[in-house]
Amino acid sequence: MAVRATVSRFPIDAGAHESSGIPWGVSVTPFATKDENGQSPVYGSDGELLPRCENCWAYFNTYCELDQWSWNCALCGNPQGLSSQAIARYSHPQSCPEMMSSFVDLELPVEESDEAMQPRPVYVAAIDLSSSEEFLELTKSALLASLEALAPGSLFGLATFSHKLGLYDVQGPIPVVKNVFIPPDTEGTLPIELEDVMPLSQFLAPVETCKDRIGSALETLRPTTSWERTTAAGQGIEGVLMGGRGFGVAMEAILNYLGSEYGSTFALGRVFAFLSGPPDYGAGQLDTRRYGEQYASKREDADRALLPEQTPFYRDLAAVAVQAGVCVDIFAVTNEYTDLASLKFLSVESGGSLYFYSNADDSTLPQDMYRMLSRPYAFGCVLRLRTSSEFKTGHSYGHFFPDPQYENVQHIICCDSYATYAYDFEFEDTKGFARHGSEPPIIQIAFQYTVVLPPEDLSDSGLVSSSRGKHSLKRRLRIRTLQCGVAQNINELYDSVDPEVVLSLLVHKVILASLEQGVREGRMLLHDWLVILTAQYNEAYKLVQLKNGSSVIGQVDVAFSQCPELQSLPRLVFALLRNPLLRFHEEGFCYWVITINCN
């Protein structure tokens, strides 16, 4: 678990924070195997026995004062009693990870509902056939690369969609596809359950024994002809001829298909959706005509008009994915407006990622898929950041959804070792921190997660089919407690700045402003922030003075020459202003929905 703060020495009070002009917060990479200094956690078991504060629910850690019968919480200061079991446990501190390190990873008991689960990794590729040959060749290359990265014992399913949904059986000597036609109306669903078309056990094939046949099935893929699409689609909205890309219905059917076996066949499924354009057929179709010059004639801000979702269909579909235990990764390879602002919710809120490539020739899709699948990942995660009583979290940023019952608890469907989340801080009151360091600020991050462990000896098991059910689930609790320093003056604060974390937090704030008030407002926020920071820096270092209230003595230092930690910020801000993230509608596509996934 890597934790990096915008400033390693925190501002001493709200006034110092305001006068510095530096955002105050942290970035957290919870599933990173090591911390930001390269140190690994101390591993152990019996995480359920770890004492917790009855006031703030923080976990016992090395910064807590421990007596024979009690301990004081390092975060809120409240005294806590110890159970007889904990007293016996802490009589041998050398055997307790939480006594040895402030960074621990403890095993938790598996719930009864998980013991009967057969947690084989399940992957499904859903490929858009309303596309070009170049798109399909790129997709085939990406999937062949991904097959090499899948863990032993994985199951793989191949599906296609256009004006019909196709399911492939690759477990026989010859790949067989069965198709179901998608109804064109916007409220339509498939006329038959996919389980009746092809049993899920027939659709999901073991990768080890069927890799060559999966490759053979991929070679049979061909784009649907324009005649097929035109015949199936007919007349669309207001007489405009619609295409035949029934993405919404196909995804809904696949999620329901997989969800029927959630908890028995798999613990987490992943769907890779490959799109070559906007969904324009059946339920979930998107009206791409909103991208154009009509907003100029209506005197509307085109950027503000394009950023909101035009339908809640894909947000609702993400909830279906969560219930089905499936995360969805969307790979869009297209040079036309696809309304990713609406599609993004299916991937983001289900725990997946959204990738965009403007053309097939320069796409890095195969490499991206291989890297993504080669990374270890956790699922069913719960993340909670606690602070000592002088300050609290403000906004939180990342691909998680808040717990409906408990404040500041975030749920993460799927988390790999690079997934990073951000928090900004604010003071509880005007007092701030103690000036003499008697009670330094403390942060504690708790991350509860589940991992799938592969079969221990798959090579000696003979046939791969005999290894079914040998995957196991492990539930773990990772806790990191940090004691932070306090800057006694503005110079110490500036000297402790981490510009990369500052930029990360700024990106999240700019995205939030762009969503609520438009890209133009996001650009202005970033520009104004740099102007304010420059002014605060020059005032802090007394570089500019006014004589008689008007004439200037000295020259404004815009290069932060006296503070090396700030010198890269102007260049980073300039690069961000030139980035497609903040590109105006009239300058081309608005790509911000892609950039928010770059944690």
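Numbers here are sequence positions counted from 1.
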**Request:** Could you give me the CA-CA distance, side-chain angles and deciding distance for I127 and L218, then say whether side chain to side chain contact (heavy atoms under 4.5 Å, CB included) is met?
**Result:** CA-CA 10 Å; I127 303 174; L218 291 172; 4.1 Å; yes
**Request:** Report the C-alpha separation of L354 and L346 in whole Å, then their side-chain angles, then the decisive distance to 0.1 Å, and conclude whether the side chain to side chain contact (heavy atoms under 4.5 Å, CB included) test is met.
**Result:** CA-CA 9 Å; L354 176 59; L346 177 57; over 6 Å; no
**Request:** Go through the steps for W24 and D424 under the test side chain to side chain contact (heavy atoms under 4.5 Å, CB included), then give the verdict.
**Result:** CA-CA 6 Å; W24 180 28; D424 56 21; over 6 Å; no
**Request:** Would you please test D316 and V320 for side chain to side chain contact (heavy atoms under 4.5 Å, CB included) and show each step?
**Result:** CA-CA 7 Å; D316 296 340; V320 175; 6.0 Å; no
**Prompt:** Are Y355 and F331 close enough, and set up right, to give a ring pair (Phe, Tyr, Trp, His ring centres under 6.0 Å), and what steps lead you there?
**Reply:** CA-CA 5 Å; Y355 292 80; F331 303 89; 5.1 Å; yes
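Between F161 and F247, the ring planes are tilted. Angles from 30° to 60° get that label. In this structure, F31 and Y449 have perpendicular ring planes: the angle between them is above 60°, well past the 30° mark. Between Y397 and H508, the two ring planes are parallel [angle under 30°; tilted spans 30° to 60°].
When all heavy atoms are compared, the tightest approach of P23 to K509 is CB-CE, 4.5 Å. The two residues A253 and L165 make their nearest non-hydrogen contact at CB-CD2, 4.1 Å. In terms of heavy-atom proximity, P570 sits nearest to L530 at CA-CD2, 4.2 Å. The two residues Y281 and S162 have their closest heavy-atom pair at CD2-O, 4.3 Å. Annotation for A318 and E349: closest pair CB-CB, 3.8 Å, computed over non-hydrogen atoms. The two residues D368 and R371 have their closest heavy-atom pair at OD1-NH2, 2.5 Å.
Side-chain contact check for F379 versus V452: some heavy-atom pair is nearer than 4.5 Å.
The cationic group of R270 lies under 6.0 Å from the six-membered ring centre of Y377 and within 45° of the ring axis, placing it in a cation-pi geometry.
F272 CZ to S347 OG: the interatomic distance, rounded to the nearest 0.5 Å, is 13.0 Å. Rounded to the nearest 0.5 Å, atoms CD1 (I511) and CG (L525) are 12.0 Å apart.
The main-chain N or O of A575 is never found under 3.5 Å from a side-chain atom of N579 such that the two would form a donor-acceptor pair.
Few gaps surround CD on E195; more than 12 heavy atoms of other groups in view lie less than 6.0 Å from it. Heavy atoms from other residues, nucleotides or ligands lying under 6.0 Å from CD of E133 number more than 12. Within a 6.0 Å sphere centred on CZ of F401, heavy atoms belonging to other residues, nucleotides or ligands number more than 12.
Under the 4.0 Å criterion applied to side-chain N and carboxylate O atoms, D169 and K178 are not assigned as salt-bridge partners.
In the model, T334 has no side-chain atom that pairs as donor or acceptor with a side-chain atom of S276 under 3.5 Å. Using modelled atom types, one finds a donor on one side chain and an acceptor on the other under 3.5 Å when comparing D339 with Q310.
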